[in-house]
Amino acid sequence: MKIHEYQAKELFRKYNIPVPEGSVAFTPDEAAASAEKLGGYPVVVKAQIHAGGRGKGGGVKLAKSVDEVKKVASEIIGMTLVTRQTGPEGRLVGKVLVEQMVKIKREFYLSIVPDRATAKIVIMASQAGGMDIEEVAEETPEKIIKVFVDPLAGIQAYHCRELSFGLNLTSASGKKLITMVKNLYRLFIDYDCSLVEINPLGVTEDFAVIAFDAKVDIDSNAIYKHKDIQEYRDFGEEDPLELEASKFNLNYINLDGNIGNVVNGAGLAMATMDIIKQAGAEPANFLDVGGGATSEMVENAFRIILMDKKVKGILVNIFGGILRCDVFAQGVVQAAEKTDIDIPVVVRMEGTNVEEGRKILADSGLKLETAIDLKDAAKKIATLAA
Amino acid sequence: MSIFVNKDTRLLVQGITGKEGEFHTLQCDAYGTNVVGGVTPGKAGQKVGDIPVFNTVSSAVKKTGANASMIFVPPAFAADAIMEAVDSEIEVIVCITEGVPVLDMMRVKNYLKGKKSRLIGPNCPGIITPGECKIGIMPAPIHKPGGPIGVISRSGTLTYEVVDQLTKKDIGQTTCIGIGGDPVNGTNFIDVMDAFQKDPETKGIVMVGEIGGTAEEEAAVFIKNNVTKPVIGFIAGLTAPPGRRMGHAGAIISGSSGTGQGKIAAMRENGIHVCENLGTLGELCVEVF
């Protein structure tokens with residue numbers, strides 16, 4: 001789960017990680033009030049959306065007076081910000097972070113991520129601060145320092161020494177960096193993070209080490225442990241259909257194509273999307289109804305896909321395992337009773353209780369095309385798409 | 001022959017009294033798996049069917065001689081359940097549970113080092129040696145005993161699809177394993193490839209991967225250097241958009257690593273027969289095996 005920069009900085013303050021003074025504002029007047037509290041200009045006004053690259057897109061601006069804060073904030077709040085991470089449709093900005101402007105002498109990059117290959121926690125740092133780390137990794141990988149921490153043993157002093165010497169820090173700022181890294185590691189573990197990133201991390205004239213930006217992603221599987229993080233969820237940042245699907249525990253992702261699909265199991269769902277594409281059409285979604293799906297969940301899955309007006313046809317691909325085909329078929333019939341299914345539906349069903357499931361669909365009087373196997377399903381979808 | 005589990009496997013079920021745990025325990029038992037006991041803390045003395053329930057893994061192992069375990073506990077307790085089984089030196093631990101936090105699994109993965117146990121999963125359908133032993137949630141009737149093909153996959157239902165196509169072409173299976181869709185799991189492609197290579201009855205292998213991580217690429221290199229049996233590979237998720245998590249926590253493409261195209265190229269370079277269209281997998285198997 002993603003959270004906003006201002007929320008990440010709240011967590012940083014809790015862990016004594018230095019950040020610039022500032023607060024969030026939802027209107028230009030609030031922004032002005034936030035700026036006045038900081039006791040000096042210029043201040044920085046930063047758009048708060050769940051995507052990076054905000055500066056280049058015009059979502060981060062300096063303001064030298066209270067009037068300028070109002071003007072800049074009114075430009076940013078309500079704008080559709082397009083960055084390399086938002087896609088061409090951009091993201092509507094609903095709030096800004098107003099922060100004290102601090103002069104930086106040197107900029108660094110610092111992050112902590114879990115490494116799936118080694119099952120270790122990796123701390124990465126680089127002197128190329130403020131740059132896109134993926135570019136740095138591609139062009140000058142030698143500039144990135146990586147240390148691997150065993151999660152059972154935790155972070156050790158030598159890990160920190162490697163970082164501070166590697167970054168060529170003076171002993172004054174080196175010590176501060178070590179404290180920051182230790183605190184950041186603690187935050188990472190306590191909150192089950194999947195990413196903590198500071199870019200840039202700034203060292204000031206008087207050797208203070210400050211997190212100018214803050215990015216924190218939390219492992220969705222661990223959200224249940226963290227009540228305060230649950231309150232950070234920003235529904236405005238989520239796709240409306242995905243939000244609706246999440247209410248029914250459906251694993252749904254909205255895509256750009258025209259063929260909807262209802263599948264059980266994530267792997268089979270991905271393979272089904274590929275089949276749609278190979279048949280010459282484009283998948284309109286990813287949807288895994290899950291192993292423990294009830295007929296109500298199936299009904300809602302259909303309803304949500306039908307809400308997407310791009311969808312011209314639906315491919316159903318069910319391999320009954322834990323999810324029984326008769327339960328699934330019941331859900332399809334329920335959906336048809338409540339919502340008008342006015343587009344073609346191709347059904348391919350196999351596995352547990354498949355005969356009962358097919359009978360329910362046949363007896364329902366619904367106009368469904370059945371496919372005998374995946375090859376057949378692909379052929380029928382290709383005809384639909386043509 | 002087969003790998004990891006067979007007719008001599010003695011199975012314990014952790015979380016046996018839950019709804020899913022009970023249902024699948026009885027399914028495995030009915031298939032012929034030797035289910036010797038179950039564990040639910042506080043429920044010792046109860047029975048599921050005629051299977052005795054114990055409070056702890058250690059007491060269950062002492063009484064029953066179990067050497068394998070199937071875990072159905074909720075995600076918050078999965079790491080604890082796995083480590084409990086490891087400490088009782090259970091040889092094969094199959095964790096079905098979906099949604100285990102990544103940091104929990106990282107601790108488990110490091111804890112497993114140097115121990116006698118093999119972990120399969122989490123977030124997996126389990127393992128089956130058709131006709132002998134089923135540990136997991138897969139539908140039994142789609143399998144065909146006797147080999148000669150081994151199946152390994154990161155997915156559940158996609159594995160069923162593959163097995164079903166094999167069986168419909170009259171090709172049987174030695175052992176089918178779902179290693180799970182999470183970013184950090186116990187047994188990986190390489191471990192299983194190595195075991196299939198050493199199993200005399202397995203004559204060919206189908207490997208089903210998906211986007212995310214680099215496990216398929218690493219397995220491809222291992223296969224080139226160590227596996228003499230023919231391997232067919234399939235990758236799901238070629239159409240997935242970068243940066244989005246496709247259901248499985250592990251299925252996310254970040255930057256240029258983890259793409260389906262990269263995995264397919266790596267498989268081709270290392271002599272694996274690539275199946276590009278899932279609908280034709282069965283036919284390709286007839287051709288190659």
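So you know, we letter chains A, B, ... as the sequences are listed, proteins then strands, and number each from 1.
A donor-acceptor contact under 3.5 angstrom links the side chains of B:Gln173 and B:Thr167, judged on distance only. A:Asp115 and A:Thr118 are linked by a side-chain donor-acceptor pair at a separation below 3.5 angstrom, with hydrogens and angles left out of the test.
Chain B forms more heavy-atom pairs under 4.5 Å with one residue of A:Lys375, A:Glu350, A:Gln85 than with any other, namely A:Lys375. Annotation: maximal heavy-atom pairing with chain A below 4.5 Å, among B:Pro75, B:Ala140, B:Gly279, B:Gly99, occurs at B:Gly99. Residue with the most contacts toward chain A among B:Glu161, B:His24, B:Arg107: B:Glu161 (heavy-atom pairs, distance under 4.5 Å). When each of A:Asn264, A:Asp373, A:Asn317 is scored by its heavy-atom pairs under 4.5 Å with chain B, the top score falls to A:Asn264. Interface remark: of the candidates A:Lys225, A:Gln278, A:Lys277, A:Gln278 forms the most heavy-atom pairs closer than 4.5 Å to chain B.
At a 4.5 Å heavy-atom cutoff, the contact between A:Tyr224 and chain B is made by side-chain atoms alone. When heavy atoms are compared at a cutoff of 4.5 Å, A:Arg324 does not approach chain B at all. Interface remark: A:Leu287 contributes no atoms to any contact with chain B (heavy atom separation under 4.5 Å). At a 4.5 Å heavy-atom cutoff, B:Val208 makes no contact with chain A through either its backbone or its side chain. Proximity to chain A (any heavy atom under 4.5 Å) is restricted, for B:Lys113, to the side chain, taken from C-beta onward. Residue contact with chain A, scored on non-hydrogen atoms closer than 4.5 Å, involves the backbone and the side chain of B:Leu238 alike. Neither the backbone nor the side chain of B:Gln27 comes within contact range of chain A, judged by heavy atoms closer than 4.5 Å. Proximity to chain A is absent for every atom of B:Leu281, based on heavy atoms less than 4.5 angstrom apart. When heavy atoms are compared at a cutoff of 4.5 Å, A:Lys120 approaches chain B by way of both its backbone and its side chain.
Contact between A:Ala279 and A:Ala378 at its shortest, heavy atoms only, is CB-O, 3.5 Å. Pairing each heavy atom of B:Val184 with each of B:Pro122, the nearest pair is O-CD, 4.0 Å.
A donor-acceptor contact shorter than 3.5 Å links the side chain of B:Lys263 to the backbone of B:Gly213. For the pair B:Gln165 (side chain) and B:Leu278 (backbone), a donor-acceptor distance under 3.5 Å is present. Between the side chain of A:Asp376 and the backbone N or O of A:Ile372, at least one donor-acceptor pair lies under 3.5 Å. With hydrogens and angles disregarded, no donor-acceptor distance shorter than 3.5 Å links the side chain of B:Thr97 to the backbone of B:Pro74.
Both cation-pi conditions hold for B:Lys115 and B:Tyr111: the charged atom is under 6.0 angstrom from the six-membered ring centre and inside a 45 degree cone around its axis.
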